Student: 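Starting off with a structure, shown below.
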Amino acid sequence: MAAEQDHEYAELPTEAPRTGPLSPLPAPLLTGVPTGLPGMRADGGLLRGRWIAAASLTGTSHLLHGTSGQDVYRYTATHDGSGLVLVVCDGLGSRPETAQTGAGLLASYLCEAAAHITGQLMARAPQDVLREVLATGNAAVRRHRAAVLEPLTDSDLASTVAVCWLPLPAEGDGDGDGGSEEYRALPGHAVRVGDCNVFTLAGGRYEAPFPAACEGPANVVTAYLPCEDAARVAEYAPVALAGVDAVVVTTDGLAIDLFDSPSVRTWLASRWSVPCGPARMLDSLRYRRQGSHDDRTALITWSAPVGHTPRLEP
């Protein structure tokens with residue numbers, strides 16, 4: 001498919017689907033905000049033997065008006081090697097010059113707190129552990145704001161968030177077919193504030209661990225961080241991993257498309273059927289869908305340990 005353009009610039013073609021009546025894309029307007037985020041970010045590689053890939057694209061709603069995208073992703077492994085931690089944050093659009101700063105701070109502080117999670121604690125009280133991670137990251141953002149970012153308020157840095165902890169096999173338990181039976185039976189755990197989301201992908205089918213995600217609009221924000229009581233506004237869900245091929249953590253812009261568009265679901269399931277390099281991850285989010293104008297961010301890990309590095313096209 002030829003690249004769409006009505007200005008003097010060139011872009012690479014994509015096979016990503018187009019859904020509904022669509023207008024030609026105008027030239028994007030870059031933000032002049034000093035704290036604005038890059039319009040495209042992507043990663044792909046191994047962390048503790050598991051393949052992680054991520055991509056984030058600034059939405060056309062921002063590119064049309066020259067404002068910054070507000071999605072941020074982060075990932076880490078716990079210091080004791082018991083788990084991976086995936087984090088996505090989405091700054092609220094009502095604060096176009098500052099919310100992306102809040103999203104970046106929150107994602108970084110949450111990863112820092114989550115790195116201290118131990119497998120023993122997660123086995124005993126996963127909900128309490130993840131709520132405490134949220135509370136610790138929330139408090140760190142509020143201290144940072146007071147020390148460095150006065151006169152900004154909590155609402156100036158407002159962000160929704162999802163944090164997902166996934167078990168890793170104990171040292172010596174991993175093998176070429178996915179590790180011990182005990183490891184493969186362990187669940188993951190997730191916590192969120194607001195409308196970010198978590199999906200599992202198995203055989204091309206998606207499941208959403210958060211019950212509310214299946215019962216109504218995916219972009220209704222009822223709470224955000226930082227706030228006075230992070231634990232009170234947090235929503236917890238176990239993440240069943242038996243038979244799951246991949247776990248996907250997303251912001252609401254992509255979650256809405258997964259819920260509402262069969263063609264997007266099919267396209268992404270196909271693209272994410274194998275571990276992705278960064279260019280493939282970016283291309284997977286280049287679909288066009290009528291009404292889909294928000295930032296798109298996906299952070300994914302695949303269940304089976306990768307015994308070799310996938311061949312990445314130059």
Side-chain angles (χ1 to χ4, degrees), residues 4-11 23-43 54-75 87-112 137-163 192-196 219 221 223-227 249-257 278 281-282 285-286 288 291-299:
E4 298 175 3
Q5 61 185 68
D6 58 1
H7 293 265
E8 294 297 325
Y9 74 100
E11 182 56 277
S23 302
L25 292 172
L29 300 178
L30 302 180
T31 180
V33 175
T35 56
L37 298 175
M40 295 184 180
R41 288 142 282 156
D43 284 288
S56 186
L57 294 182
T58 295
T60 55
S61 60
H62 293 293
L63 296 175
L64 288 173
H65 298 97
T67 56
S68 174
Q70 296 176 308
D71 286 3
V72 175
Y73 65 81
R74 296 282 189 275
Y75 46 82
V87 177
V88 299
C89 293
D90 180 3
L92 298 193
S94 59
R95 298 293 189 272
E97 295 194 359
T98 55
Q100 66 274 7
T101 299
L105 288 171
L106 182 61
S108 295
Y109 280 126
L110 287 172
C111 271
E112 183 178 10
N138 179 72
V141 173
R142 299 188 86 198
R143 288 193 301 269
H144 186 111
R145 175 186 59 76
V148 180
L149 298 176
E150 288 285 4
L152 296 184
T153 65
D154 282 351
S155 62
D156 290 325
L157 301 177
S159 175
T160 60
V161 59
V163 179
R192 70 174 182 173
V193 174
D195 57 0
C196 292
N219 63 336
V221 177
Y224 60 79
L225 299 181
C227 69
V249 187
T250 75
T251 53
D252 70 303
L254 183 56
I256 292 170
D257 292 339
M281 275 299 297
L282 277 175
L285 302 187
R286 291 177 63 196
R288 292 195 64 200
S292 178
H293 305 302
D294 201 0
D295 298 341
R296 298 172 183 168
T297 297
L299 176 55

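In this text the structure is predicted, and so the values were computed from the model without any measurement.
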Student: Would the distance check show the side chain of Asp294 and the main-chain N or O of Asp252 forming a donor-acceptor pair, the cut-off being under 3.5 Å?
Tutor: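 The answer is no, because no donor-acceptor pair under 3.5 Å joins these two groups.
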Student: Are any of the side-chain heavy atoms of Asp295 and His62 separated by less than 4.5 Å?
Tutor: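 Asp295 vs His62: side chains touch.
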Student: If I take atom OG from residue Ser56 and atom CE from residue Met281, how far apart are they, to the nearest 0.5 angstrom?
Tutor: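 With rounding to 0.5 Å, OG (Ser56) is 10.0 Å from CE (Met281).
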Student: Answer yes or no: is there a donor N or O on one side and an acceptor on the other, between the side chain of Ser61 and the main chain of His293, under 3.5 Å?
Tutor: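 Yes; at least one donor-acceptor contact below 3.5 Å.
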Student: Would you say Val87 and Cys89 make side-chain contact, with heavy atoms under 4.5 Å?
Tutor: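 They are in contact (side-chain heavy atoms under 4.5 Å apart), so the answer is yes.
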Student: Which heavy atom in Leu25 sits nearest to a heavy atom in Tyr9, and how many Å separate them?
Tutor: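 That would be O-OH, 4.4 Å.
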Student: Measure the OG1-CG distance between Thr67 and Leu30 for me, rounded to the nearest 0.5 Å.
Tutor: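 One finds 11.0 Å between OG1 of Thr67 and CG of Leu30.
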Student: For the side chain of Asp90 and the backbone of Thr251, is there at least one donor-acceptor N/O pair under 3.5 Å apart?
Tutor: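 No.
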Student: If you measure from CG on Leu37 to CG on Asp71, what distance do you get to the nearest 0.5 Å?
Tutor: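 Going from the CG atom of Leu37 to the CG atom of Asp71 covers 8.5 Å.
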Student: Taking atom types as modelled, is there a side-chain donor on Thr31 or Ser68 under 3.5 Å from an acceptor on the other?
Tutor: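 The criterion, which ignores hydrogens and geometry beyond distance, is not satisfied for Ser68 and Thr31.
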Student: Rounded to the nearest 0.5 Å, how far does OG1 of Thr297 lie from CZ of Arg41?
Tutor: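 These two atoms lie 6.0 Å from each other.
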Student: How about Glu11 and Arg286: do any of their side-chain heavy atoms sit closer than 4.5 Å?
Tutor: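 Yes, side chains in contact.
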Student: Checking the side chain of Arg145 only, and the main-chain atoms of Leu152 only, is there a donor and an acceptor separated by less than 3.5 Å?
Tutor: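 Yes; at least one donor-acceptor contact below 3.5 Å.
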Student: Any donor and acceptor pair, going by atom type alone, linking the side chain of Asp156 with main-chain N or O of Thr153 inside 3.5 Å?
Tutor: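 Answer holds: yes.
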Student: So how far is it from Asn138 CG to Arg143 CZ, rounded to the nearest 0.5 Å?
Tutor: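 CZ of Arg143 is found 9.5 Å from CG of Asn138.
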Student: Can you tell if the side chain of Leu149 reaches within under 4.5 Å of the side chain of Leu157, non-hydrogen atoms only?
Tutor: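 Counting from C-beta outward, Leu149 and Leu157 do come under 4.5 Å.
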Student: Determine whether His65 and Leu29 make a side-chain contact, defined as any pair of heavy atoms from C-beta on separated by less than 4.5 Å.
Tutor: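 No - every pair of side-chain heavy atoms lies 4.5 Å or more apart.
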Student: Mind checking whether Pro26 and Leu64 have side chains closer than 4.5 Å, heavy atoms only?
Tutor: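 They are in contact (side-chain heavy atoms under 4.5 Å apart), so the answer is yes.
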Student: With the side chain counted from C-beta on, respond yes when Met40 and Thr58 share a heavy-atom pair under 4.5 Å apart, and no when they do not.
Tutor: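 A side-chain contact is absent here, since even the closest heavy-atom pair is not under 4.5 Å.
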Student: Answer yes or no: is there a donor N or O on one side and an acceptor on the other, between the side chain of Arg142 and the main chain of Gly137, under 3.5 Å?
Tutor: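 Flag not set: sc Arg142 to bb Gly137 has no pair under 3.5 Å.
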Student: Please report the shortest heavy-atom distance between Asp154 and Cys227, naming the atom on each side.
Tutor: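 Shortest heavy-atom contact: OD2-CA, 4.0 Å.
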Student: Step by step, would you call Asp43 with Tyr73 a side-chain hydrogen bond (donor to acceptor under 3.5 Å, both in side chains)?
Tutor: CA-CA 10 Å; Asp43 284 288; Tyr73 65 81; 2.5 Å; yes
Student: Heavy atoms only: give me the nearest Tyr224-Ala158 pair and the separation to one decimal.
Tutor: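 Closest approach of Tyr224 to Ala158: CD1-CB, 3.4 Å.
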Student: After noting the C-alpha distance and the side-chain angles of Ser292 and Asp257, does the key distance pass the side-chain hydrogen bond (donor to acceptor under 3.5 Å, both in side chains) rule?
Tutor: CA-CA 7 Å; Ser292 178; Asp257 292 339; 2.7 Å; yes
Student: Given 3.5 Å as the limit, does a donor-acceptor pair link the side chain of Gln70 with the main chain of Arg95, or not?
Tutor: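 Confirmed, Gln70 side chain pairs with Arg95 backbone.
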Student: So, taking the atom named OG1 in Thr160 and the one named CG in Leu225, what distance separates them when rounded to the nearest 0.5 Å?
Tutor: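 Thr160 atom OG1 to Leu225 atom CG measures 9.0 Å (nearest 0.5 Å).
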Student: Identify the heavy atoms of Val33 and Gln100 that sit nearest to each other, and give their distance.
Tutor: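 Minimum heavy-atom contact is CG1-NE2, 4.0 Å.
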Student: Do the side chain of Arg296 and the main chain of Leu285 share a donor and acceptor less than 3.5 angstrom apart?
Tutor: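 Looks like yes, one N/O pair under 3.5 Å.
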Student: Can you list the steps and then say if Val161 with Val88 is a side chain to side chain contact (heavy atoms under 4.5 Å, CB included)?
Tutor: CA-CA 6 Å; Val161 59; Val88 299; over 6 Å; no
Student: Please find the pair of heavy atoms, one from Val72 and one from Ala103, that lie closest to each other, and give the distance.
Tutor: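 Scanning both residues completely, I find the closest heavy atoms to be CG2-CB, 3.9 Å.
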